[in-house]
Participant: 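Below is the structure I would like to discuss, written out as structure tokens.
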Amino acid sequence: MRRVCLLAILLWALGLVSYAFSKGKPNVLFITVDDMNWNSIGAYGCQIPEITPNIDRLAEGGMRFEQAYVQASNCSPSRNVFQTSRYPHQSGMRGFFYVEAGFKTLPEVLKESGYITGVINKAADSSLSPDFEKYWDVNLKFNGAEKRSAISYGQQMEKFLSTVEEEKQAFYCVVNVADPHKPFFNDIKSKKQGFDAFAPSKVFSIDEVEVPVFLPDAPKVKQEVLNYYNSVKRGDDCVGAILEVLKKSQYHDKTIVIFVSDHGMPLPYAKSSVYPNGIRTPWIIAWPGEIEAGAVNTVNMISAIDFMPTVLDIAGIKQPSGVEGQSFYQALKGKELTSSEYVFAQFDENAGGVPRPSRTVLTKKYGYVFNAWATGKYPFKCSADAYATHKYMKAQANSNQQVKERYVHWVYRCVEELYDYENDPNALNNLIDDPEYKDIANQLRTELEKQMQATNDYLLPAFKVRNNKEALNIWMQEEDRKAKQRAEQLQWKRYKNRRGATKGHIQLYQSHLNE
């Protein structure tokens, strides 16, 4: 009996220690939206009135970063950089298959440090392996079309906070808002799937939107762009519902809110590309009493690779070995931060497992792109192929020379590209063959090669033979063979890939092994 009492006292004491340990640490609410262009938000210059009032208010109460990027321009590879501080070719999450990694992710480190972790929607795309319990104490999902419902996001946020209240721990909660991912509001597929039952709080008209300059200005394209912006509006409604629940809770003043998009809009020259419209993201951080309201950071280039080090720095937790990013906590406090003058990003393969690997290095002014696949033999393939804008461009390529040039470039690209993003933010004018930019191109090539060597990038052999298309084709042929093998053997995050149904696949990709 005495032993039982002593054990009870010990457990009680440990509970108090754990509570005291976590009580002083800030909560972290990480909100992502799916496929939202950085400049589709009012705070980032979108001219559509009342397009994102909730996100704008978050920016008014915190710090907005103007030079923020993700490392990958498609869903799962991008999201896992935030959780690992490793590039997709390092973690193994370069596609949509599960990975067995030999390191600990952000939620694992936080759990060990007294945090309760949670994910609302898209647990698969926020995790390396299918063992979700390893990362998330709480995993909340939606029933079908409810993932487009602002009310449902509020309800799920309430569920998570009620769990936290019971456990009395600091929390790290990732909320993944589905909008404005395809299908857009008013798309035929959206209506069939029941998504349109949840309308945005305001529906815009065709006269209120403009087609981005990197796309052809045509009625069919404009209609798809309108549907996209109405989905942006609905996404903002969902963000508003989440923030309203937090505001009414006891956790508001002790919670740092971080808002990003996983990559750009799901249309050509944005999502699945390494141009700014594919990898530039809105990045807003609000922290009551700690971050100056309405602050704007235009100095530092930050990216998803920096997320994990920053969160751990804020929480006062030691950085594990192997992380690639740099904490920008000092910038949040209004202090000078010496950050890298380069950001590196990539695209490896689409959700079906078709490899089309690209790499880019950006400065605030320039961007260099290497496309290992762009020999003329391998057409680009991504989800946008099935959408109205891509179909229009393909159809018009036979009769409209301007559209043809843009379509052919999107489908076949060039092995090397160079852009002056300061004067050409939409990547319309490739300067790679302009002798005036020879030194810039060489400088960025050198930086990219150094990065590829430092991170053991599997693309390095292809980069070294970039001037030999025959050698690149041989390299791509081997990569395609490996991709087909992965498609047949690995456990995937989607129910099918280029080789068909994935049911029954149990093998995980071993990221630490060289293929």
Side-chain angles (χ1 to χ4, degrees), residues 25-34 36 38 41 43-44 52 54-71 78-85 105-107 109-110 115 117-122 125-126 136 153 157 160-161 170-177 235-236 238-240 242-243 245-247 251-263 280-297 300-317 325-334 337 339:
K25 295 183 180 295
N27 305 307
V28 180
L29 174 59
F30 183 40
I31 304 175
T32 78
V33 285
D34 214 334
M36 186 183 289
W38 69 278
I41 294 168
Y44 283 89
T52 54
N54 296 299
I55 300 171
D56 294 347
R57 278 193 292 273
L58 186 66
E60 290 169 2
M63 178 175 287
R64 183 177 85 242
F65 285 85
E66 286 288 345
Q67 295 288 336
Y69 299 86
V70 293
Q71 260 63 54
S78 176
R79 292 174 182 276
N80 278 276
V81 176
F82 287 101
Q83 307 302 334
T84 64
S85 190
T105 62
L106 176 59
V109 174
L110 289 173
Y115 275 77
T117 64
V119 62
I120 299 175
N121 195 30
K122 297 181 81 75
D125 291 315
S126 303
W136 314 109
Y153 280 93
M157 191 65 200
F160 175 78
L161 292 181
F171 68 78
Y172 171 60
C173 182
V174 181
V175 188
N176 299 308
V177 175
D236 181 75
C238 295
V239 172
I242 296 162
L243 294 177
V245 170
L246 178 66
K247 182 180 178 181
Y251 304 103
H252 178 262
D253 292 339
K254 297 175 287 186
T255 301
I256 179 171
V257 179
I258 306 172
F259 170 86
V260 302
S261 173
D262 64 343
H263 48 68
R280 191 171 176 182
T281 184
W283 198 320
I284 298 167
I285 304 182
W287 191 4
E290 298 290 340
I291 295 178
E292 179 186 355
V296 181
N297 184 304
N300 299 115
M301 294 184 78
I302 66 170
S303 57
I305 205 85
D306 303 317
F307 178 79
M308 179 176 176
T310 302
V311 170
L312 293 180
D313 199 4
I314 290 170
I317 299 171
Q326 173 189 356
S327 171
F328 54 85
Y329 178 40
Q330 293 301 311
L332 297 178
K333 303 297 289 183
L337 174 71
S339 58

Participant: Holding to side chain to side chain contact (heavy atoms under 4.5 Å, CB included), I want the full list of residues that pass it with Asp125, two or more places apart in sequence or in another chain.
Facilitator: Cys75, Ser76, Arg79, Phe96, Lys122, Lys493, Arg494
Participant: List the steps and the verdict of side chain to side chain donor-acceptor pair (under 3.5 Å) for Gln71 and Ser303.
Facilitator: CA-CA 7 Å; Gln71 260 63 54; Ser303 57; 3.0 Å; yes
Participant: Kindly state whether the ring of Tyr251 and the ring of Phe171 have centres lying under 6.0 angstrom apart.
Facilitator: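 Ring-ring flag for Tyr251/Phe171: true, centres closer than 6.0 Å.
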Participant: Looking at Ala170 and Lys25, what are the two nearest heavy atoms and their distance?
Facilitator: CB-O, 3.8 Å
Participant: Do Asn176 side-chain atoms and Val119 backbone N/O form a donor-acceptor pair below 3.5 Å?
Facilitator: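 No: the side chain of Asn176 does not pair with the backbone of Val119.
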Participant: Donor-acceptor pairs under 3.5 angstrom involving side-chain atoms of residues 282-289: please list them, not counting sequence neighbours.
Facilitator:
none

Participant: Any chance you could measure Ser327, atom OG, to Ile314, atom CD1, to the nearest 0.5 Å?
Facilitator: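 One gets 7.0 Å once the value is rounded to the nearest 0.5 Å.
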Participant: For Tyr115 versus Pro26, what's the shortest heavy-atom pair and its separation?
Facilitator: OH-O, 2.7 Å
Participant: Output yes when a side-chain donor or acceptor of Ser261 lies under 3.5 Å from a complementary backbone atom of Met36, and no otherwise.
Facilitator: yes
Participant: Is it true that the side chains of Asn80 and Thr84 contain a donor and an acceptor less than 3.5 Å apart?
Facilitator: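 No pair is found: no donor N or O on one side chain lies under 3.5 Å from an acceptor on the other.
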Participant: Between the side chains of Gln83 and Ser126, does any donor sit under 3.5 Å from an acceptor?
Facilitator: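 No pair is found: no donor N or O on one side chain lies under 3.5 Å from an acceptor on the other.
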Participant: Flag the pair Leu337 / Gln326 as yes when at least one side-chain heavy-atom distance between them is below 4.5 Å, and no otherwise.
Facilitator: yes
Participant: Does any non-hydrogen side-chain atom of Phe259 lie less than 4.5 Å from one of Phe30?
Facilitator: no
Participant: So, Asn54 side chain and Asp236 main chain: donor-acceptor pair closer than 3.5 Å or not?
Facilitator: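 Yes; at least one donor-acceptor contact below 3.5 Å.
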Participant: Go through Ile242 and Val177 one step at a time and tell me if the side-chain contact (heavy atoms from CB on, under 4.5 Å) criterion holds.
Facilitator: CA-CA 10 Å; Ile242 296 162; Val177 175; 3.9 Å; yes
Participant: Give every donor-acceptor pair under 3.5 Å between a side-chain atom in residues 58-70 and any protein atom, sequence neighbours left out.
Facilitator:
residue: Arg64; atom: NE; partner: Ala43; partner atom: O; Å: 3.4
residue: Arg64; atom: NE; partner: Glu66; partner atom: OE2; Å: 2.9
residue: Arg64; atom: NH2; partner: Glu66; partner atom: OE2; Å: 3.0
residue: Gln67; atom: OE1; partner: Tyr69; partner atom: OH; Å: 2.9

Participant: So, Thr255 and Asn27: side-chain donor and acceptor under 3.5 Å apart, yes or no?
Facilitator: yes
Participant: Is the backbone N or O of Met308 less than 3.5 Å from a side-chain atom of Ser85, with the two atoms forming a donor-acceptor pair by type?
Facilitator: no
Participant: Looking at Cys173 and Ile120, what are the two nearest heavy atoms and their distance?
Facilitator: SG-CD1, 4.1 Å
Participant: Tell me, with the steps shown, if Tyr172 and Trp136 meet side-chain contact (heavy atoms from CB on, under 4.5 Å).
Facilitator: CA-CA 9 Å; Tyr172 171 60; Trp136 314 109; 4.0 Å; yes
Participant: Distance from Thr310 atom OG1 to Asp313 atom CG, nearest 0.5 Å?
Facilitator: 7.0 Å
Participant: When you compare the side chain of Thr281 with that of His263, does any pair of heavy atoms fall below 4.5 Å?
Facilitator: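 Not touching, per the 4.5 Å side-chain cut-off.
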Participant: Would you give the length of the straight line joining atom CG of Asp34 to atom OG of Ser78, rounded to the nearest 0.5 angstrom?
Facilitator: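 The distance works out to 9.5 Å.
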Participant: Do other residues, nucleotides or ligands put more than 12 heavy atoms under 6.0 Å from Lys333 NZ?
Facilitator: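 Atom NZ in Lys333 is packed in, count exceeds 12.
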Participant: With Tyr153, which of Val245, Val239, Asn121 fulfils side-chain contact (heavy atoms from CB on, under 4.5 Å)?
Facilitator: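 The residue from Val245, Val239, Asn121 that satisfies side-chain contact (heavy atoms from CB on, under 4.5 Å) with Tyr153 turns out to be Asn121.
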Participant: Among Val311, Thr32, Leu29, Val174, which one satisfies side-chain contact (heavy atoms from CB on, under 4.5 Å) with Ile258?
Facilitator: Val311
Participant: Just wondering, more than 12 heavy atoms not from Glu290 lying within 6.0 Å of its CD?
Facilitator: yes
